[in-house]
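First the proteins, then the strands, lettered A, B, ... as listed; each starts at 1.
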Amino acid sequence: MTTESIIKEDIKKAILAQFELSVEDIVLQPTKKEFEGFYTFVSFALSKSIRKAPAEIGQLIGAYLLEHSTIVSDFNVVQGFLNISLKDTVWLQTIDQISKNAHFGSSEPNGASVMVEFSSPNTNKPLHLGHLRNNFLGDSLAKILETSGYQVVKTCLVNDRGIHICKSMLAYQYLGNGETPETAQLKGDHLAGKYYVLFDKEYKTQIKDLIAQGKTPEEAAKQAPWMQEAQKLLRLWEQGDKETVDLWHKMNGWVYAGFNETYTKIGVEFDKTYYESDTYLLGKDIIEEGLEKGVFFKKDDQSVWVDLTAEGLDEKLVLRGDGTSVYITQDLGTTELKYSEYHSNRYLWVVGNEQDYHFKVLFAILKRLGRTYAQECHHISYGMVDLPTGKMKSREGTVVDADDLVAQMIQTAADRTQELGKIEDFQSEEAKLLYHQLALGALKYFLLKVDPKKRMLFNPEESIDFQGHTGPFIQYTYARIRSIGRKAVATSIQGAIPAAGYSLHPAERELIFFLSQYPQKVKAAAEEFAPSIISLYAFELAKVYNQFYAEVSIFADPNPESVQFRIALSAAVAKTIQHALGLLGIDAPERM
RNA sequence: GGUCCCGUAGCUCAGUUGGAUAGAGCAACUGCCUUCUAAGCAGUAGGUCUUUGGUUCGAAUCCAAACGGGAUCACCA
């Protein structure tokens with residue numbers, strides 16, 4: 001039983017004893033800093049049924065707690081707010097348990113499994129900042145769910161086919177001159193992206209020419225030679241034309257090599273990768289099933305539709321008149337495939353909020369088809385990363401490239417570290433590792449500290465900070481504590497939790513309180529699919545520790561019990577920071 | 001136009017699901033390194049929570065409308 005639930009039980013008893021009223025749920029909130037106490041009970045709501053003033057109610061509950069509760073040491077009442085302080089023995093027990101717990105923050109396996117799909121790149125362009133948010137969110141979410149007891153499968157669905165892929169292939173056929181990543185000295189994904197841009201450039205000129213010849217913009221867009229040819233290439237690919245398929249293999253091979261390099265660099269990996277070229281034909285049997293069940297209906301032109309107006313959605317096409325699939329057909333098929341291969345209990349899709357509607361439709365259809373897992377399908381919808389100039393558009397070259405950004409961050413980390421000159425004894429490999437850890441710490445934290453649902457702004461003019469509310473601030477706090485740990489070892493002082501009777505310093509109490517909140521934060525992050533909850537917690541914990549660090553001396557304290565305690569307390573903080581950063585995919589360096 | 005999301009300090013974001021005098025970081029200004037890492041700590045300044053109504057003991061939070069921004073409404077993915 002947690003201290004919080006003990007207080008809640010005691011308050012229930014108090015209300016029953018003082019007012020003969022039984023209350024279901026007691027809600028406690030952390031006491032605001034300007035008031036004395038750690039937990040606050042708000043009594044306004046009780047005022048009506050008890051017919052006493054909120055302050056009086058608070059007073060009576062407080063008095064009861066002081067007399068009967070084994071853990072309450074003091075209380076004060078401000079209007080309807082009952083602020084509760086706890087005995088130091090309670091805090092000492094709390095930190096003792098946290099210290100002993102090697103898996104503090106983690107839960108036992110819960111027997112359930114969850115599949116998290118994220119990243120989902122297109123093979124016609126390199127990864128950009130938007131993908132980074134997606135990747136970091138997905139990866140962090142997977143870690144949070146795993147530590148919460150789920151068995152997690154991370155999947156990636158690669159969009160490796162379709163007209164857009166044919167566009168870069170076509171441009172390469174015309175303009176490539178046999179160029180390869182080696183001859184071009186370019187990562188494969190960037191090389192493919194180059195031809196995608198070249199296609200677009202030429203295509204636009206062709207449209208312009210056609211409009212000049214009197215075509216409407218719509219006609220021009222359809223009739224432009226390169227568009228016609230790209231479509232022809234798509235048909236050839238679907239027919240399995242050897243030359244086309246070979247080129248497709250070759251270019252995709254380059255792209256995958258490039259992607260893998262990036263994934264390795266940012267520390268993201270998958271348990272299972274699906275390719276759309278394998279799954280794009282799936283889903284047609286589900287269309288059959290839906291027709292039989294009367295969930296779908298056929299129009300005169302043989303196209304198949306679903307009417308979701310009852311759910312507040314529209315009629316939606318699920319199969320073209322010519323019998324070929326659309327996006328939703330594939331997704332129905334892929335979801336069924338995932339289910340048949342893994343039988344996971346839950347399915348998550350980390351996909352941008354521009355696809356909110358698509359997922360509403362997908363889940364509504366699954367429900368109508370009677371899929372039991374439909375209840376446990378969730379779209380983790382996240383906001384776009386915008387630039388000061390607006391939305392990123394890959395074709396227009398207004399994207400922040402992932403590889404460039406990471407390289408730039410590493411450079412900044414190196415410059416900053418060298419300026420500070422704290423690691424001059426590091427070997428070059430150690431230093432490089434540290435720069436990498438700091439760069440990714442800053443980048444990941446920057447993207448994960450914001451509520452995923454909200455869109456966010458990235459200003460390339462202002463580089464991502466290493467001070468203040470940042471990843472490196474938290475990493476720094478960890479490194480500081482590790483330094484204390486090393487000194488403790490060097491001076492042969494063991495960390496220890498003092499026996500009952502030890503009088504806590506306010507800064508110590510504050511730290512224990514913050515530590516005790518961690519498991520709830522992990523739980524909330526898992527329930528709300530929000531790594532930002534962990535991010536904010538880690539920052540606050542680090543901040544509270546730094547205040548403690550500035551306020552008390554650890555080794556110079558005359559009381560040896562205090563020295564030992566502060567070493568143990570610091571170690572518990574370090575452990576928790578490391579765990580929390582780990583959930584964000586951020587490494588905690590020993591020194592920096 | 002229909003549907004959905006958003007609007008909090010100069011900037012970037014929190015705000016524990018309706019509670020106390022709305023909080024952080026950055027930027028600005030002031031202090032603090034001979035002592036455990038100053039990537040830090042302490043402080044000053046900065047707000048009509050877009051606006052207007054409503055709900056109630058109590059609203060940044062819930063409801064309605066207006067204004068502003070974004071997404072989506074493809075036989076694209």
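Of the residues in residues 472-480 of chain A, those lying under 4.0 Å from RNA chain B by heavy-atom distance are A:Phe473, A:Tyr476, A:Ala479, A:Arg480.
Across all strands, A:Ala45 comes closer than 4.0 Å to base atoms (heavy-atom distances). Among the atoms of the strands shown, none is found under 4.0 Å from any heavy atom of A:Ser47. Within 4.0 Å (heavy atoms only), A:Thr324 reaches no atom of the nucleic acid at all. A:Phe466 comes within contact range of at least one nucleobase, with a heavy-atom separation under 4.0 Å. Contact annotation for A:Pro54: no contact, since no heavy-atom pair falls under 4.0 Å across all strands. Residue A:Tyr549 is in base contact, counting any heavy-atom pair closer than 4.0 Å across all strands shown. Residue-level contact check: A:Lys48 touches the backbone only, with heavy atoms under 4.0 Å from sugar-phosphate atoms and none from bases. A:Met456 comes within contact range of the sugar-phosphate backbone alone, with a heavy-atom separation under 4.0 Å but no base atom that close. At a threshold of 4.0 angstrom between heavy atoms, the contacts of A:Lys449 with the nucleic acid are absent. Backbone-only contact: A:Asp314 has heavy atoms under 4.0 Å from sugar-phosphate atoms and none from a base. Contact annotation for A:Gly162: no contact, since no heavy-atom pair falls under 4.0 Å across all strands.
In this structure, A:Lys391 pairs ionically with A:Glu354, as a charged nitrogen and a carboxylate oxygen lie closer than 4.0 Å. The existence of a salt bridge linking A:Asp331 and A:Lys338 is excluded, since no basic side-chain nitrogen approaches an acidic carboxylate oxygen closer than 4.0 Å. Look at A:Asp189 and A:Lys125 and you find no salt bridge, because none of the NZ, NE, NH1 or NH2 atoms lies under 4.0 Å from a carboxylate O.
Atom P of B:U61 sits at a distance of 11 Å from the matching atom of B:G18, rounded to the whole Å.
Phosphate contact (OP1/OP2 of B:U37, side-chain N/O of A:Lys487, threshold under 4.0 Å): absent. OP1 and OP2 of B:G25 both lie 4.0 Å or more from every side-chain N or O belonging to A:Gln467. An OP1 or OP2 oxygen of B:A20 is reached within less than 4.0 angstrom by a side-chain nitrogen or oxygen of A:Lys32.
Rounded to an integer number of Å, the gap from CD of A:Glu117 to C1' of B:A77 is 13 Å.
Judged by the 6.0 Å and 45° rule, A:Arg480 forms a cation-pi pair with A:Tyr549.
Among B:A20, B:A14, B:C13, the nucleotide with an atom closest to any side-chain atom of A:Asp451 is B:A14. Closest to the side chain of A:Val78, out of B:A20, B:C36, B:A77, is B:A20. Comparing atom distances between the A:Phe539 side chain and each of B:C13, B:A71, B:A24 picks out B:A24 as nearest. Each of B:A14, B:C41, B:C75 was ranked by its minimum atom distance to the side chain of A:Val450; first place goes to B:A14. Considering only the side chain of A:Lys33, B:A24 comes nearest among B:A20, B:A24, B:U37. Here B:C41 is the nucleotide among B:C41, B:A77, B:U21 with the atom lying nearest to any side-chain atom of A:Asn546. Distances were taken from every side-chain heavy atom of A:Lys360 (C-beta onward) to each of B:G19, B:C75, B:C4; the shortest belongs to B:C4. Nearest nucleotide to the side chain of A:Phe35, out of B:A14, B:A20, B:C75: B:A20. Minimum atom distance to the side chain of A:Leu317 is reached by B:C75, of the listed B:A77, B:G19, B:C75. The side chain of A:Val326 lies closest to B:A77 when the candidates are B:A77, B:G25, B:C13.
The aromatic ring centres of A:Trp237 and A:Tyr280 sit less than 6.0 Å apart.
Here A:Phe44 packs flat against the base of B:G19; its ring centre is closer than 5.5 angstrom to the base's six-membered ring, tilted by less than 30 degrees.
Remark: B:C26 base-pairs with B:G10; criterion is Watson-Crick or G-U wobble with both hydrogen-bond distances under 3.5 Å.
With a glycosidic angle more than 90° from 0, B:U55 adopts the anti conformation. Using a 90° window around 0 for the glycosidic torsion, B:C4 falls outside it and is classed as anti.
One N or O donor and one acceptor, one from the side chain of A:Thr40 and one from the base of B:A20, sit under 3.5 Å apart.
Comparing A:Gly312 and A:Glu462, the nucleotide of RNA chain B nearest to each residue sits closer to the 5' end for A:Gly312. Toward the 5' end of RNA chain B, the nearer of the two residues A:Arg455 and A:Pro589, judged by each one's closest nucleotide, is A:Pro589.
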